[in-house]
Amino acid sequence: MAKWGHGDPRWIVEERADATNVNNWHWTERDATGWSKSKLKEVLVGLAVEGEAGRCEISDLKHVEGEASCNSRKGKLIFFYEWNLRLSWRGTVKESGEKHKGSVEIPNLSEENEVDDTEINVSKKKGEGDVLKDLMRTEGTAKVREALRDYLKALKTEFTLGMILPTKATVGQEPAAERKLSGNAVQDSVSPQSLDTVGVKIPTVQILLREIFNSPADELYSIFTTKELVQKFSKCPAVIEAEKGGKLQMFDGCVSGEYAELVPSRRIVLKWRCRNWPDEHYATVALNFKDMAAQTELQLECKGVPVSNEDSTRQCWKKQYFEEIRILLQQSKDKLE
């Protein structure tokens, strides 16, 4: 497949917010590599299988090599992706309690092969525990294939939002997704809203989360406002300008925005978006820190999330933010002890 950015420049049209790619006729390209790395980690790490032999879990995405992109031409989307992945797994034998580790190799996940035909190799470090290896080869492999399907589904839905621009025939029409949300069958933590982007309405939801951290409020607040700490928990270079109007960029550019309000140790408000969202569409994220002696309750309110991105946004905050921050806090605590 052609590498990202190597397409014939005569046929490439830059994305424009004014929808001048008339009727989506021209070839447009969007790099999905950074987004895909985050999504693959999201869907694969934490997968667990349990059987009579014991329990196994994917503990880490150790190696990610490859690229992905999405192209649009004449209103049709064309996907290219090619990945070489190596996962780490760990497991415990049910009867003996012995613990073992191993790897899962996926040498060629690409658009040329169906997921069911993609090669997946399971190995284990030396020693006993072959029963766990067998569990990973059977049920574990099935779970991994299911996760890869989830990634491809997200690539073709979440990532492509905004690539097919509104045409003259569709401008002014109410999106089908919004019509479905017009009723009252919505969970308490999700409320539908509608925002205008590029002349069309986007159905959105609100996400509410509460988390308890074993840390005082000032320490937790600093993790969201200090560049070095953000880079530690996100494991990526970051742009952090913690002042009103200051820029924010994380996870290889998959998340960006700016700081809208900062009240030290109490509240942060962000203008926040994921790269795969419709162009220029931002959510408003409010982080409220409630000090509880040695602990802090963090209340997150995220307004304006595109409906189709609700689950991925929720998982982003839970896994890529909160879980990683807990690990960072624990590491700091271990060092002090």
Side-chain angles (χ1 to χ4, degrees), residues 34-35 37-42 45-46 59-61 64 189 206-277 282-305 309-337:
W35 177 90
K37 289 179 179 179
S38 297
K39 177 58 70 171
L40 285 165
K41 182 178 180 180
E42 176 187 318
V45 176
S59 56
D60 194 11
L61 180 55
V64 186
S189 62
Q206 179 185 37
I207 294 174
L208 301 175
L209 296 173
R210 279 186 173 85
E211 298 284 334
I212 302 294
F213 291 88
N214 293 321
S215 165
D218 57 347
E219 182 181 6
L220 186 60
Y221 177 92
S222 68
I223 290 178
F224 287 91
T225 55
T226 307
K227 180 178 179 178
E228 291 75 14
L229 296 176
V230 170
Q231 291 182 155
K232 278 186 178 181
F233 84 75
S234 66
K235 300 178 177 63
C236 293
V239 176
I240 301 295
E241 300 174 357
E243 59 184 14
K244 187 172 182 179
K247 294 189 180 302
L248 164 76
Q249 185 170 303
M250 299 172 59
F251 306 115
D252 288 327
C254 289
V255 167
S256 61
E258 65 180 52
Y259 290 88
E261 179 186 344
L262 296 105
V263 180
S265 305
R266 293 177 55 193
R267 178 175 169 85
I268 299 172
V269 178
L270 304 170
K271 182 181 175 184
W272 188 94
R273 66 174 267 110
C274 291
R275 183 164 56 192
N276 61 309
W277 289 8
Y282 288 83
T284 299
V285 174
L287 298 166
N288 291 296
F289 302 80
K290 185 178 179 182
D291 205 338
M292 302 163 60
Q295 292 184 319
T296 300
E297 180 184 78
L298 178 58
Q299 300 172 350
L300 176 141
E301 180 183 47
C302 190
K303 295 180 179 178
V305 178
N309 296 96
E310 179 194 345
D311 290 340
S312 62
T313 302
R314 189 185 298 273
Q315 289 304 311
C316 174
W317 280 100
K318 284 187 173 182
K319 296 196 173 203
Q320 294 177 253
Y321 278 87
F322 299 155
E323 285 188 14
E324 295 298 332
I325 287 173
R326 282 197 175 89
I327 292 172
L328 177 60
L329 289 170
Q330 186 60 47
Q331 289 173 344
S332 299
K333 184 178 179 181
D334 293 342
K335 286 182 181 179
L336 291 174
E337 292 176 354

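Residues: numbered from 1 along the sequence shown. Side chains are part of it too, since the values below use all heavy atoms of this structure and drop only hydrogens, waters and symmetry mates.
A salt bridge links Glu42 with Lys39: the distance from a Lys NZ or Arg NE/NH1/NH2 to an Asp or Glu carboxylate oxygen falls below 4.0 Å.
Glu301 and Gln299 share no donor-acceptor pair across their side chains, judged by distance under 3.5 Å alone.
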- Message: Between Tyr282 and Leu270, does the side chain to side chain contact (heavy atoms under 4.5 Å, CB included) criterion hold? Intermediate values first, please.
- Response: CA-CA 9 Å; Tyr282 288 83; Leu270 304 170; over 6 Å; no
- Val230 vs Phe224, side chain to side chain contact (heavy atoms under 4.5 Å, CB included): CA-CA, chis, key distance, verdict: CA-CA 6 Å; Val230 170; Phe224 287 91; 5.8 Å; no
- Message: Using the rule given for salt bridge (Lys or Arg N to Asp or Glu O under 4.0 Å), can you reason through Arg314 versus Glu310, listing the C-alpha separation, both sets of side-chain angles and the distance that settles it, and then say yes or no?
- Response: CA-CA 6 Å; Arg314 189 185 298 273; Glu310 179 194 345; 3.0 Å; yes
- Using the side chain to side chain contact (heavy atoms under 4.5 Å, CB included) rule, take Leu329 and Lys333 through it: C-alpha gap first, then chi angles, then the decisive distance, then the call. CA-CA 6 Å; Leu329 289 170; Lys333 184 178 179 181; over 6 Å; no
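With values rounded to the nearest 0.5 angstrom, Leu229 atom CG is found 10.5 Å from Ser234 atom OG. How far CG of Asn276 is from OG of Ser38: 10.0 Å, rounded to the nearest 0.5 Å. Annotation: the span from Ile207 atom CD1 to Cys316 atom SG amounts to 9.5 Å, rounded to 0.5 Å. Rounded to the nearest 0.5 angstrom, Glu261 CD and Thr284 OG1 are separated by 11.0 Å. The CG atom of Leu298 sits 5.5 Å away from atom CG of Leu287, with the distance rounded to the nearest 0.5 Å. Note: Leu220 CG to Ile325 CD1 = 6.0 Å, rounded to the nearest 0.5 Å.
Scored by the ring pair (Phe, Tyr, Trp, His ring centres under 6.0 Å) test, Trp272 finds Trp277, Trp317 as partners (sequence neighbours excluded). With sequence neighbours excluded, the residues satisfying side chain to side chain donor-acceptor pair (under 3.5 Å) with Glu324 are Lys235. With sequence neighbours left out, the side-chain contact (heavy atoms from CB on, under 4.5 Å) criterion links Ala260 to Val269. In terms of the side chain to side chain donor-acceptor pair (under 3.5 Å) criterion, residue partners of Gln295 (sequence neighbours excluded) are, by chain and number, Asn214. With sequence neighbours excluded, no residue forms a side chain to side chain donor-acceptor pair (under 3.5 Å) with Thr225.
Contact between Tyr259 and Ile240 at its shortest, heavy atoms only, is OH-CG2, 3.3 Å. When all heavy atoms are compared, the tightest approach of Glu297 to Ile212 is CB-CD1, 3.6 Å. Here the closest heavy-atom approach between residue Phe289 and residue Ser265 is recorded as CB-O, 3.5 Å.
The aromatic rings of Phe233 and Tyr321 are tilted relative to each other, their planes meeting at an angle between 30° and 60°.
Screening Lys290, Lys318, Arg326 against Glu211 for a salt bridge (Lys or Arg N to Asp or Glu O under 4.0 Å) leaves a single residue, Arg326.
Remark: Arg266 CZ is loosely packed, at most 12 non-hydrogen atoms of other residues, nucleotides or ligands lying under 6.0 Å away.
Between the side chain of Thr296 and the backbone N or O of Phe213, no donor-acceptor pair lies under 3.5 Å.
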Less than 3.5 Å apart, which donor and acceptor atoms pair up between the side chains of residues 242-256 and the rest of the protein, not counting sequence neighbours?
none

